[in-house]
Amino acid sequence: MYKTIGVLAHVDAGKTTFSEQVLFHTNSIQARGRVDHQDAYLDNHELERKRGITIFAEQGRMTIGDDTYTLIDTPGHVDFSPEMERAIRVMDYAIIIISAVEGIQGHTETVWQGLRNYHVPTFFFINKIDRDGADVRAVMTQLHKDFSEHVLFVDEPLQENYVSSTIMEWLAERDEKLLDAFLNEALEHGLCMKHLQSMIKNESAFPCFTGSALKDEGIQELIAQLPLITGTHFEPEAPFQGEVFKIR
């Protein structure tokens, strides 16, 4: 299955470092670059390396299990919002990177609104949890207040036949049939996972993960969960249709 997933954030939240880690751990690139070292695979334009920020949307291809992903790294600076919006139009899913220190910033709100306008199912990755001043709980409070009460903190890695008791309860609170089964201690993990997949697709659940892109924490765990929480559907017999978002 082919899927397109975008990575978006306010400038300096660690978006490109996160993307480089994902590409490295899926054997798509041989070495991880860094924006501040001017050797990032995704920030390869002379202007980007000189200024130390992402200016152009850039993509990489990676394989996870039986799925092939096109990962799109987008500009985080508000001046390049049109470039970001063009990329959003072709995304199947999106990951918003938020600093655990700075929390939600101005451009993060622009990103969120753009994804909602185009109905792109969205995940969050709270980054820089290793930094002094990091406060994951405060960021979660912000997300629930400013973005959606349906942001789901993933306290244990999701598996096809296992979700944590906290997530199980969260799901049961939002569906009467699940709640009845939960109260009778008959709620199955597999059913929870299918229900969560449907909620993600319908934009009624926004899973949130944590880690440190620079320290390579939480990245591989997120990669392992992507095939479970991302799904696409297409009609192979239907007429071909595509959208060009970039020409080079």
Side-chain angles (χ1 to χ4, degrees), residues 2-64 67-99 102 105-115 118 120-128 209 211-220 222-223 226 229-230 243-248:
Y2 290 91
K3 308 171 184 178
T4 301
I5 189 162
V7 184
L8 309 97
H10 185 91
V11 66
D12 291 335
K15 171 180 49 60
T16 300
T17 304
F18 171 88
S19 300
E20 297 271 323
Q21 291 282 17
V22 171
L23 291 175
F24 176 78
H25 284 299
T26 53
N27 299 313
S28 301
I29 57 176
Q30 294 181 337
R32 292 164 282 202
R34 283 176 53 173
V35 176
D36 53 343
H37 291 175
Q38 299 184 336
D39 61 357
Y41 169 80
L42 293 163
D43 283 352
N44 49 45
H45 193 280
E46 182 182 351
L47 280 174
E48 294 178 309
R49 295 193 167 180
K50 184 180 294 184
R51 297 184 61 177
I53 58 173
T54 301
I55 298 175
F56 306 104
E58 187 60 75
Q59 63 273 355
R61 184 67 62 87
M62 60 187 185
T63 301
I64 305 173
D67 297 330
T68 299
Y69 290 82
T70 297
L71 183 145
I72 303 179
D73 180 38
T74 62
H77 200 285
V78 66
D79 290 350
F80 309 114
S81 292
E83 180 81 0
M84 176 203 70
E85 185 167 347
R86 279 194 296 271
I88 285 178
R89 294 164 64 96
V90 300
M91 294 176 188
D92 295 313
Y93 292 87
I95 302 174
I96 298 179
I97 310 297
I98 299 177
S99 167
E102 286 82 13
Q105 297 170 277
H107 191 55
T108 321
E109 297 180 12
T110 305
V111 165
W112 170 257
Q113 196 55 55
L115 292 169
Y118 288 100
V120 180
T122 303
F123 312 118
F124 292 96
F125 184 84
I126 300 177
N127 192 26
K128 303 184 181 182
F209 307 87
S212 169
L214 191 60
K215 300 285 186 175
D216 196 11
E217 297 174 4
I219 306 296
Q220 294 184 72
L222 175 56
I223 291 171
L226 279 179
I229 56 178
T230 59
E243 180 163 347
V244 177
F245 80 100
K246 180 177 180 179
I247 299 175
R248 86 182 333 167

## Note on the structure
Heavy atoms of Asp73 and Ser19 approach each other most closely as OD1-OG, 3.8 Å
### For Thr26, side-chain contact (heavy atoms from CB on, under 4.5 Å) partners two or more places apart
Ser28, Met62, Ile64, Ile223
### Query
Which residue, Ile5, Val7, Leu8, forms the side-chain contact (heavy atoms from CB on, under 4.5 Å) with Met91?
Leu8
### Task
Measure the NZ-NZ distance between Lys215 and Lys128 for me, rounded to the nearest 0.5 Å.
12.5 Å
### Message
I'd like to check the ring pair (Phe, Tyr, Trp, His ring centres under 6.0 Å) partners of Phe18; sequence neighbours left out, ordered by chain and number.
### Response
Phe125
### Query
How long is the gap from CD on Gln21 to CG on Asp216, to the nearest 0.5 Å?
4.0 Å
### Task
To the nearest 0.5 Å, tell me how far His107 NE2 sits from Ile96 CD1.
10.0 Å
### Summary
Gln113 meets the side chain to side chain donor-acceptor pair (under 3.5 Å) criterion, sequence neighbours left out, with Asn117
### Task
Just jot down the side-chain contact (heavy atoms from CB on, under 4.5 Å) partners of Val90, sequence neighbours excluded, or say none.
Ile72, Glu243, Phe245
#### Entry: Stepwise side-chain contact (heavy atoms from CB on, under 4.5 Å) check, Glu20 with Ile29
CA-CA 8 Å; Glu20 297 271 323; Ile29 57 176; 3.7 Å; yes
### Task
Indicate the atoms forming the closest heavy-atom contact of Ser99 with Ala13, along with that distance.
N-CB, 4.2 Å
### Side-chain donor/acceptor of Lys15 to backbone N/O of Ile97, under 3.5 Å
no
### Query
Got a sec, which residues hit side-chain contact (heavy atoms from CB on, under 4.5 Å) with Thr68, two or more places apart in sequence or on another chain?
Tyr2, Arg61, Thr63
### Message
So, taking the atom named CG in Asn127 and the one named CD in Glu217, what distance separates them when rounded to the nearest 0.5 Å?
### Response
10.0 Å
### Task
To the nearest 0.5 angstrom, please state how far the CG atom of Leu71 sits from the CD1 atom of Ile95.
7.0 Å
#### Entry: Any residue meeting side-chain contact (heavy atoms from CB on, under 4.5 Å) with Thr230, in chain and number order, not counting sequence neighbours
Lys3, Tyr69, Tyr93, Phe123, Leu226
### Task
Kindly compute the distance separating OG1 (Thr17) from CG (Asp12), expressed to the nearest 0.5 Å.
9.5 Å
### Task
Identify the heavy atoms of Ala213 and Gly14 that sit nearest to each other, and give their distance.
CB-O, 4.3 Å
### Query
Of the non-hydrogen atoms in Thr74 and Ala87, which two are nearest, and what is the gap between them?
CG2-CB, 3.9 Å
